[in-house]
Amino acid sequence: MELRSRRRCLITLLAVAALLSGGVGSIGVNYGQVANNLPTPDKVVQLVRAIGATRVKLYDADPRVLRAFSNTGVEFIVGVRNEDLGRMKDPANARTWVRDNVQAYLPGTRVCTITVGNEILTFNNTAMSDDLLPAMQGVHEALVASGLDKQVSVTTAHSLATLQVSYPPSAGAFRKDLLPYITPILDFHSRTGSCFLINAYPYFAYKADPKHVPIDFVLFQPNRGITDPSTNLRYDNMLFAQIDAVYAALGSVGYRNLSVQISETGWPSKGDADEAGATTENARKYNGNLIKLMKQKKGTPMRPDWDLSIYVFALFNENMKLGPTSERNYGLFNPDGTPAYALGITNSTTTARGGGGSTPPAGPRIDGYMTISEAANKDATRIVAVTLLWIIIPLMIWMHV
């Protein structure tokens with residue numbers, strides 16, 4: 001019986017490996033650690049190698065992880081925590097952070113990007129919003145002083161709730177109250193050559209109104225799709241429509257040529273009774289279909305020839321995340337290294353067995369790795385308007401055709 005169970009785990013892991021490998025350099029994975037039962041970083045190296053992932057995003061700059069991944073060739077995004085933004089305005093502090101968290105691990109560990117904060121502008125915290133750009137500038141200047149600015153970029157990750165309008169995608173626009181913050185940040189990206197990062201979760205649109213949001217549209221399944229009336233571009237999945245709404249918003253303020261990366265997207269495999277759609281089958285379809293789509297190396301309808309870089313959330317189920325059950329079940333893998341579900345094709349590999357690891361703080365955190373549901377609920381009315389309006393209106397029209 002045990003042998004049969006191990007074989008099933010191996011077959012499932014092989015399926016994940018084949019799906020993530022095969023020359024797909026644009027797929028990455030978020031490696032969160034809000035848990036007390038995860039494998040040690042050296043075991044995670046084996047797991048990441050086994051599934052063929054080439055990019056990993058952290059929410060901090062964990063020295064254990066960065067040391068463990070030395071000489072693996074894996075590219076890293078490391079993060080300045082939200083509570084450290086104010087300190088990064090001081091040039092001496094920024095230089096110390098870069099020295100200790102980036103320079104110390106180069107060239108063995110390929111740190112390519114630093115995110116300064118996570119979803120800062122939608123915290124509705126004026127002090128943090130005021131600190132964001134100066135902190136980004138401070139970190140960039142520290143990289144310049146260290147001669148690393150050509151190999152390490154500086155950015156920050158935003159919530160999709162920074163959009164005021166997203167229907168149709170071509171009409172995408174940022175919230176007017178955030179433009180005084182966003183526009184100077186976009187100028188920073190333009191000058192330094194860094195990417196604009198967005199966290200996008202079609203799952204929340206479905207969860208908010210499962211009766212009106214077609215499940216196939218959010219899971220990349222065959223469906224009728226939606227046509228943007230202004231551009232005549234057809235969208236057969238919500239994520240790409242969301243991405244193009246971001247491109248349109250960037251263009252509307254004069255930054256059409258900035259590259260966009262999806263720093264987080266995913267689907268929970270388990271949820272509470274009121275969390276519609278949080279099932280193993282839907283998680284398998286969302287992540288599996290997304291990765292298959294990325295293997296085609298196609299851009300969005302608005303940017304068909306542009307490279308897409310997407311980081312799946314997340315590597316592990318994390319048992320100490322706060323919030324509803326779904327928060328602890330976004331992982332591709334269980335803490336013992338076995339797949340949370342089958343994604344569906346094959347390659348060769350090993351599993352990483354569970355280990356110790358430090359216990360994260362039990363209380364609320366502001367370090368940027370908050371609960372996803374908390375991020376989504378910070379402005380619930382705007383989230384629903386932004387993610388549902390552009391899909392419900394066309395569906396209502398079709399119902400009367």
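Below, all heavy atoms of this structure are taken into account, side chains as well, without hydrogens, waters or symmetry copies. Along the sequence shown, the residues carry numbers beginning at 1.
By the neighbour-count criterion of 12 heavy atoms within 6.0 Å, atom CG of Asp272 is densely surrounded, having more than that number from other residues, nucleotides or ligands. Atom CZ of Arg234 is surrounded by more than 12 heavy atoms from other residues, nucleotides or ligands within 6.0 Å.
For Arg95 and Gln103, the side-chain atoms include no donor-acceptor pair closer than 3.5 Å. The closest side-chain donor-acceptor pair between Asn118 and Asn82, if any, does not fall under 3.5 angstrom. His140 and Thr192 form no side-chain donor-acceptor contact under 3.5 Å, judged by distance and modelled atom types alone. In this model, a donor atom of one side chain and an acceptor atom of the other lie less than 3.5 Å apart for Tyr201 and Glu264. Between the side chains of Tyr235 and Asp244, at least one donor-acceptor pair of N or O atoms lies under 3.5 Å. Side-chain atoms of Ser159 and Asn199 form no donor-acceptor pair, as typed in the model, at a separation below 3.5 Å.
Remark: Arg284 engages Glu281 in a salt bridge, criterion side-chain N to carboxylate O under 4.0 Å. A salt bridge links Glu75 with Arg110; the closest basic N to acidic carboxylate O contact falls under 4.0 Å.
Looking at heavy atoms from C-beta onward, Val44 lies out of side-chain contact with Val65 at the 4.5 angstrom threshold. Looking at His158 and Glu119, their side chains never come closer than 4.5 Å, going by heavy atoms from C-beta outward. Inter-residue side-chain proximity for Leu239 and Ile310 is flagged as met; some heavy-atom pair is nearer than 4.5 Å. Under the 4.5 Å side-chain criterion, counting only non-hydrogen atoms from C-beta, Trp267 is not in contact with Phe313. A 4.5 Å side-chain heavy-atom check between Leu121 and Leu132 finds at least one atom pair inside the cut-off. Considering only heavy atoms from C-beta on, Tyr311 comes within 4.5 Å of Ser309 through its side chain. For the pair Trp306/Val260, no side-chain contact is recorded, criterion being any heavy-atom separation below 4.5 Å from C-beta on. In this structure, Thr115 and Val78 have side chains that are not in contact, with every pair of non-hydrogen atoms separated by 4.5 Å or more.
Both cation-pi conditions hold for Arg303 and Tyr247: the charged atom is under 6.0 angstrom from the six-membered ring centre and inside a 45 degree cone around its axis. Geometrically, Lys57 engages Tyr59 in a cation-pi contact, judged by NZ or CZ lying under 6.0 Å from the ring centre and within 45° of the ring axis.
Here the straight-line distance linking atom CD1 of Ile120 with atom CG of Asn125 works out to 8.0 Å at 0.5 Å rounding. To the nearest 0.5 Å, atoms CZ (Phe123) and CE (Met128) are separated by 5.0 Å.
Contact record, Thr109 with Ser70: OG1-CA, 3.3 Å, taken as the closest heavy-atom pair. Nearest heavy-atom pair, Pro335 versus Pro39, reported as atom, atom and distance to 0.1 Å: O-CD, 3.1 Å.
Panel note: side chain Thr155, backbone Cys195; a donor-acceptor pair is recorded below 3.5 Å.
Taking the centre of each ring, Phe69 and Phe76 come in below the 6.0 Å mark. Between Tyr203 and Tyr206, the ring center distance fails the sub-6.0 Å criterion.
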